[in-house]
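These notes are about the structure you will find just below.
Reminder, nothing fancy here: chain letters follow the sequence lines and each chain counts from 1. Basis for what follows: all heavy atoms, side chains included, without hydrogens, waters or symmetry-related copies. All figures in this text were calculated on a predicted structure; none of them were measured in a lab.
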Protein chains: 2
Amino acid sequence: MTVNKNCIIRLSKYKNALAKLKALGFVKVFSDNLADAAGVASSLVRKDFSIFGITGNKKGGYLVDELIEKVNDILGKNDIQKVVIAGAGNIGSALMKYAGFEKEGLKVSAVFDSDPSKTDKNGPVPILPIDSMKDYIKQNKIRIGIICVPDVSASGVFDIMVSSGIKGVLNFAPVSLKTQEDIIVENVNLVGELESLIYFVNASKKMK
Amino acid sequence: MTVNKNCIIRLSKYKNALAKLKALGFVKVFSDNLADAAGVASSLVRKDFSIFGITGNKKGGYLVDELIEKVNDILGKNDIQKVVIAGAGNIGSALMKYAGFEKEGLKVSAVFDSDPSKTDKNGPVPILPIDSMKDYIKQNKIRIGIICVPDVSASGVFDIMVSSGIKGVLNFAPVSLKTQEDIIVENVNLVGELESLIYFVNASKKMK
DNA sequence: TAGATTGTTAATCGATTAACAATC
DNA sequence: TAGATTGTTAATCGATTAACAATC
């Protein structure tokens, strides 16, 4: 019924699949094809589309070009989306240079770190002192932030981001950020993901 | 009823909260406290525990020390868990050095890359040619693999991992790996997460 | 037309929450 | 005892799937 996170993640998968189909010269695509690509039922694909008013042809499926355009529009792919990263450690530095972001129009505008020795104003992506983050976010009207700082610093950094105008946060620190008002927080819990994987692998081993 | 991924992620969160409580000198903890920490209802905390046969006291909650021990046991924290990484690019290299893994007993045993110039047999974590991955996994009986290779190489690397004995895969490539048999795949879709964040931030902006 | 696909509604499934008896 | 918390069952909620009429 309503748009939820999974729905947008699916749109992103449809988009990836459509790009590949287009490259192969496909003109039309059926909900069944996209369902396979995303690993869901075809009725869900059609439902996703109906939420956004995307319609196909009763017989001939959907036109690839048209679909790409509409999905890109929904996902904001027609604009470059600027984000800032807090923390120039392993994860933060990796995301700063991550080709997957750039390819998708996700531009890391600046990285901030509390360690002054990491400052590098002239790199392709500037690394700046954390003290300057608030002003930077305000001046550049950034709305998306990525938190890659250690556990203990995360909620402090989060508060600064929120007070600077950030509206959405991708959080890699394994702490739950108490989210007031209309701020959206997505958590990427890498340790948790691995722990879960390990649990199920060990559990299935025991069953045998 | 049955153990699912969310349940294990919650156990991981309980574990983190319990470590902090213990450091503060707490002896007892109530399901309500852990519910707050994990952002769920207290009845779910009690249900999670009941699945694993963890019982408390009708009046006095749970003993912190006892709980830590039991949760650690469930999550396999009493053993060092070895993993391999395929791909020594930005993400792979970051995870190789990621302190969050080491702290939790997750040991990156080796990293593999197709680029011979990245080979480094003598580092704290060896970086080896991708051709040697299969033998390495077999010889060291590794069961968990992390895929950080580009999109197009992902399914090939996945097949090698599976044929070498890997049972669980954490996949950072934005492609769906067709998982046969009893192999568990967890996807970390960084671009998708950001796209979803951007969508909802933009959507809430429009509402105003 | 016959066959196939969309768009939408109803059914299902699973996870979380609420409620409450048991009991310390 | 009275009050509070556990352990468990029933209710709720939300997302996905199945089914099917409409129709090209």
Return all side-chain donor-acceptor pairs below 3.5 angstrom for residues 27-45 of chain B, not counting sequence neighbours, or 'none' if the list is empty.
residue : atom : partner : partner atom : Å
S31(B)  : OG   : R46(B)  : NH1          : 3.0
N33(B)  : OD1  : F30(B)  : N            : 2.8
S42(B)  : OG   : R46(B)  : NH1          : 3.1

Pick out the pairs of N or O atoms, protein on one side and nucleotides 9-14 of chain D on the other, that lie under 3.5 Å.
none

Quiz prompt | Distance in angstrom units between K5(A) NZ and dT16(D) C1', rounded | solution = 17 Å

Quick test: give all pairs of protein nitrogen or oxygen and nucleotides 1-5 of chain C nitrogen or oxygen below 3.5 Å, distance rounded to 0.1 Å.
residue : atom : partner : partner atom : Å
dT5(C)  : O4'  : K58(A)  : O            : 3.3
dT5(C)  : O2   : K58(A)  : O            : 2.8

Practice problem: Using a cut-off of strictly less than 4.0 Å, decide whether R10(A) has a side-chain nitrogen or oxygen near OP1 or OP2 of dA15(D). | Solution: no

Quiz prompt | Which residues share a side-chain contact (heavy atoms from CB on, under 4.5 Å) with N6(B), sequence neighbours left out | solution = N4(B), R10(B)

Exercise. Check every strand shown and say whether D32(B) touches a base, only sugar-phosphate, or nothing at a heavy-atom separation below 4.0 Å.
Key: nothing

Quiz item: What is the distance, rounded to the nearest whole Å, between atom CG of L44(A) and atom P of dA18(D)?
Solution: 11 Å

Self-check item: F26(A) atom CZ: more than 12 heavy-atom contacts under 6.0 Å
Solution: no

Exercise. Of all the heavy-atom pairs spanning F200(B) and V3(A), show the shortest one and how long it is.
Key: CE2-O, 3.8 Å

Practice problem: Please state how far atom CZ in F49(A) lies from atom P in dG7(C), giving the value in whole angstrom units. | Solution: 10 Å

Self-check item: d(CG, D48(B); P, dA15(C)) in whole Å
Solution: 11 Å

Self-check item: M133(B) vs L128(B) side-chain heavy atoms within contact, under 4.5 Å
Solution: no

Quiz item: Got a sec, which residues hit side-chain contact (heavy atoms from CB on, under 4.5 Å) with I68(B), two or more places apart in sequence or on another chain?
Solution: L18(B), K22(B), V64(B), N72(B)

Quiz item: Can you give the dot-bracket line for DNA chain C, using ( ) for pairs inside the strand, [ ] for pairs that cross earlier ones, | for pairs with another strand and . for unpaired bases, where Watson-Crick and G-U count if both distances are under 3.5 Å?
Solution: ..||||||||||||||||||||||

Side-chain donor-acceptor distances from residues 187-199 of chain A under 3.5 Å, at least two apart:
residue : atom : partner : partner atom : Å
N187(A) : OD1  : N171(A) : ND2          : 2.9
N189(A) : OD1  : G192(A) : N            : 2.8
E193(A) : OE1  : K5(B)   : NZ           : 3.1
E193(A) : OE2  : K5(B)   : NZ           : 3.3
E195(A) : OE1  : S12(B)  : OG           : 2.6
E195(A) : OE2  : K15(B)  : NZ           : 2.7
E195(A) : OE2  : K77(B)  : NZ           : 2.7
S196(A) : OG   : E186(B) : OE2          : 3.0

Taking only distance into account, with no hydrogens and no angle test, what donor-acceptor pairs under 3.5 Å do side-chain atoms of residues 137-160 of chain B form with protein atoms, sequence neighbours excluded?
residue : atom : partner : partner atom : Å
N140(B) : ND2  : Y136(B) : O            : 2.9

Quiz item: Hey, can you pull the residues of residues 64-73 of chain A with a non-hydrogen atom under 4.0 angstrom from DNA chain D?
Solution: none

Which donor-acceptor pairs under 3.5 Å do side chains of residues 89-96 of chain A form with protein atoms, sequence neighbours excluded?
residue : atom : partner : partner atom : Å
N90(A)  : ND2  : K97(B)  : O            : 3.0
S93(A)  : OG   : A88(A)  : O            : 2.9
S93(A)  : OG   : G89(A)  : O            : 2.6

Self-check item: Phosphate OP1/OP2 of dT16(D): any N6(A) side-chain N/O under 4.0 Å
Solution: yes

Self-check item: side-chain contact (heavy atoms from CB on, under 4.5 Å) partners of K107(B), counting only residues at least two apart
Solution: I80(B), K82(B)

Exercise. Check A86(A) against M161(A) and note the closest heavy-atom contact, atom names and distance.
Key: CB-CE, 3.8 Å

Quiz item: How would you list, by chain and number, every residue that makes a ring-ring contact (aromatic ring centres under 6.0 Å, His included) with F49(B), sequence neighbours excluded?
Solution: Y14(B), Y62(B)

Exercise. Say whether S132(B) and K134(B), considering side chains only, have a donor N or O and an acceptor N or O under 3.5 Å apart.
Key: no

